[in-house]
2 protein chains.
Amino acid sequence: MPRRKQPTSHDVAALAGVSVATVSYVMNGRTDRRIPVETRDKVLDAARRLSYAPNRSARSLRRRRTEQVCLVVGSIGVPAYDQLARDIHARADEAGYGVVTIVVDSRARAEKAIDLLQQRIADGAVIAPDVGYLTESDLTGLARSGLPLVVMSNTATPDGFDVVRAPETAACAAAFDHLFGTGRRRVAFLSHLHEFEAADTHPSERLAAYFDALERHGVVRDDGIIVPGANDRVTAYQRVAELLARPDRPDAIFAASGRGAISAIWAARDAQLAVPDDVAVVGAGNLPESLITRPTLSTVGPSAADDFTEVARLLFERISAGVPAEGRVISDPWSFHPRGST
Amino acid sequence: MPRRKQPTSHDVAALAGVSVATVSYVMNGRTDRRIPVETRDKVLDAARRLSYAPNRSARSLRRRRTEQVCLVVGSIGVPAYDQLARDIHARADEAGYGVVTIVVDSRARAEKAIDLLQQRIADGAVIAPDVGYLTESDLTGLARSGLPLVVMSNTATPDGFDVVRAPETAACAAAFDHLFGTGRRRVAFLSHLHEFEAADTHPSERLAAYFDALERHGVVRDDGIIVPGANDRVTAYQRVAELLARPDRPDAIFAASGRGAISAIWAARDAQLAVPDDVAVVGAGNLPESLITRPTLSTVGPSAADDFTEVARLLFERISAGVPAEGRVISDPWSFHPRGST
DNA sequence: CTGTTAGCGCATTCAT
DNA sequence: ATGAATGCGCTAACAG
C-alpha cells in the first residue's frame, strides 16, 4: 500500500543543509545545545516547507516512552467515567500527553487491554472498571512489569500500584436504615445489569448492603423487586413504571445509578404517585441533576461533586517518578445525602 | 529513571535457543512460515516465562502503522459522541485496533490534535467536532499527508477525505414552521454555548434556520429569548425555568440539544405549565429518552436512532485500502419528528 | 526449516 | 557549533 512517504528528519536536514542531529536539536528546542538563530531558522523553515512532523513511533522507541496514558473504563456514557475522562484529559494535556481509551466489558476485552498495556502502548494507566473482568493478579502483573498504574477499586490491595477507593457500604447502610426506619417495607432495588447477574455469586457492595439491611430489619427478600435496568435512563423508566403499576408496588426504590433514580422519579410522577409519600427514591452516585428534580433526589455518593483530579495527579506523579513508589491508597468514603425524595 | 527493563525478542530468542526472527514469526503466528510445533512451543514457553510482549513502538516503526485510530470529538459526555465512540470502538476491536481519543474544544487543542495526527499517532481518524476550531485547510492538509480521514461535517467538501453529513436546515425549518403555523409567537432558542457566542458571526445551521423562520413568519427577533444552556441538563433546566418565570414567557422552546429539551419539559411541568398547551418544546437530536417523557418529545434529528457504524466502516475501508480513494460524501438528512410536545 | 542482516525514524553520544 | 555513528526493538528480505 503505497501511502505517500512522510518527510523524515533526513529530508529536513538535506533541505536545510545541516545534519539530522541539528534537526533533532532544533525540533526539540533543546537549550543545552547552543544553536545560532540562523541555523535554527534554516531548519524550522525547511521543516515548515516540508510540513515535517517527527514520527511518533520512532520517537517513542528511542525515548522509551510513548507520552500517552491509557484510560480503561467499563463502558461509554456513564457520568462518573465521563468526569474521570475529563480530569485525565485535562491533566494529560498539561503534560503534553495523549489519552487512549480502552473499553473493557468482557473478559476477552480485559485480556486484550492487558496485552496492550504490556506492549507499552502507554506510559501509565488508570484502571476504572470495578467489575471482575480484570483480576487482581492481572493488575499486580502489570505493575510488576513496571507500568505506572492507578486502580479505582474498593477491593484491590495496592501492590506496586496506587488504589483509589470510594467505600459505599456505610452510606448504603445508612440509606437503607433511613428507608426502613421511616416505615418502608417494600424497597425495590434497581440494579445494573452485571450487578444483577452476579447478585448471588459476587454481590456488589450496594447489593450486599441491601441484603444486610433486609436481614437487619427483618424484611424478607423478594427477588421480584430486584430488577436490572439502572444502566440507562429509558430502561430504568420502563422497569420502574412496571414496578409501580403492580398491585403490590414497592414503597421505595433504591437505584444503583443516579440516572436510574431520576428515571424512577419521573416514572413515579407520571404514575400520579407522590415522591416520597407514596414511594421514596434513593440513587447511587453524584449527578448534579439530583438537585433539580422535584423533589430533589436523595443519594448515596461521594461527599462532594465527582472529582478525579486526584487520580490523574497520582498517575502522573507515578509516571514522572520513574521509580515505582510503594503503592498508596486514598479513600473517599461515600455518605448518605438525604434530600427531598426520602 | 531506571524502570525495569522489559524483555525483548532477543531475550526470548536466547532463552528458547532460537533466533529473533523465529521469535517474531512465532509471536505473529505467521502461517507463511512453516514452523514445527516443537520450536513454536519452545518459543511460546520462553515468552510466557519472561512474560514477553512485543514492544508496540518498535513494531509500529517497523510496520509503518500504529494499529490505532484516532477519534476527535468536541467534548465528553454528549450522547451522540458517545454513540460514535461506541461504534468506532466496536469496529476497531474487530480489526485489532486501539482507539485514542482527543478532545478539541479550543483552537489550541485543535492545533495540538493536528500535530499529533501529523506525527502519525494513528493510522486514521474520525473528526467529529463541527465547530470551527478545525478549519477545512487543516483537514485537507492532513489528508494530503496521506492520513485516512472521515469528517463529520455539513460544510466541508470532500478532498482526499470522506465526509458524512447530517443536514439540519430543512428539518429545523419544518419544526419552526410547525410552531409558528400553530400560532406560537414567542419561540425561545436554547443554544449551545459556542453556538451562542458565534450567533452573529457564524450562526449554526439551527440558529440560521431559526432566524430565517422568524423572518418568514414576520416575527421580530428578540435576543432576550435566545439563551445558552443546552450543553448540560442542569443549566438547561435553570435557564428554561427562568424564561418561564418571566411575565412575557415564551410559548415555545427550541432546544439545540435533546438533553436541553428534556430539561425544558421538566422545567415547564415543575412550573405548572402544560406542554404543549402553555409551552411547546422541540429538541435537536435523537435521544431515546424522547419517547419516555410526558408528553413525548418532538424532535428534529436523524431518521433513525443514532448510528455511526457507517462512519467506522468508511474509516477502516480507507485505512485498509491504502490508496487514497476519491473523497466520498454520505448524507443522512434530519427530519422533523412531531410528537407530543408540540 | 531457520538464522543473519538491514533498516524503520529518531535521539544521543562522541568526535571534530 | 556541528556531524558521523550507534542503537532503541522489531519485522521482513534474503541466505543458507
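Every chain is numbered from 1 and lettered A, B, ... according to where its sequence line falls, protein lines coming before strand lines.
Residue B/Q118 contributes atom CD, which lies 13 Å from atom P of C/dC10 at whole-angstrom precision. Spacing between atom CZ of B/R64 and atom P of C/dG7 amounts to 13 Å, rounded to whole angstrom units. Distance, A/H10 NE2 to C/dG7 P: 12 Å, rounded to whole Å.
Distance check: B/H89 NE2 to B/D82 CG gives 11.0 Å after rounding to the nearest 0.5 Å. Distance check: A/R313 CZ to A/R318 CZ gives 12.0 Å after rounding to the nearest 0.5 Å. Interatomic distance, B/I121 CD1 to B/T66 OG1, rounded to the nearest 0.5 Å: 8.0 Å. The distance from the NE2 atom of A/H194 to the CG atom of A/D105 is 10.5 Å, given to the nearest 0.5 Å. B/I76 contributes atom CD1, which lies 6.0 Å from atom CZ of A/R86 (distance to the nearest 0.5 angstrom).
A/P54 and A/M27 get closest at one heavy-atom pair: CD-CE, 4.3 Å.
A donor and an acceptor atom, one from each side chain of B/N28 and B/R59, are located under 3.5 Å apart.
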Which letters describe nucleotides 11-16 of chain C, given B = protein heavy atom under 4.0 Å from base, S = only from sugar-phosphate, - = neither? BBBB--
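In this structure, A/K112 does not pair ionically with A/D115, as no charged nitrogen and carboxylate oxygen lie closer than 4.0 Å.
Taking the C1' atoms of five terminal pairs at each end of the helix from C/dC1-D/dG16 to C/dT16-D/dA1, the two resulting helix axes are inclined by 40°, rounded to 10°.
Of all nucleotides in DNA chain D having an atom under 4.0 Å from a heavy atom of chain B, the first and last in 5' to 3' order are D/dG9 to D/dC14.
Between A/S9 and C/dC10, a side-chain N or O to OP1/OP2 separation shorter than 4.0 Å is present.
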So B/Q118 and B/S145, side-chain contact (heavy atoms from CB on, under 4.5 Å) or not? Walk me through it. CA-CA 8 Å; B/Q118 217 75 274; B/S145 80; 3.4 Å; yes
Take B/R91 and B/T309 through the side-chain contact (heavy atoms from CB on, under 4.5 Å) test and state the conclusion after the steps. CA-CA 8 Å; B/R91 195 74 173 67; B/T309 53; over 6 Å; no
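Looking only at distances, no side-chain donor or acceptor of A/D41 sits under 3.5 Å from a matching main-chain atom of A/E38.
A/T39 comes within 4.0 angstrom of sugar-phosphate atoms only, judged by non-hydrogen atoms across all strands, and of no base.
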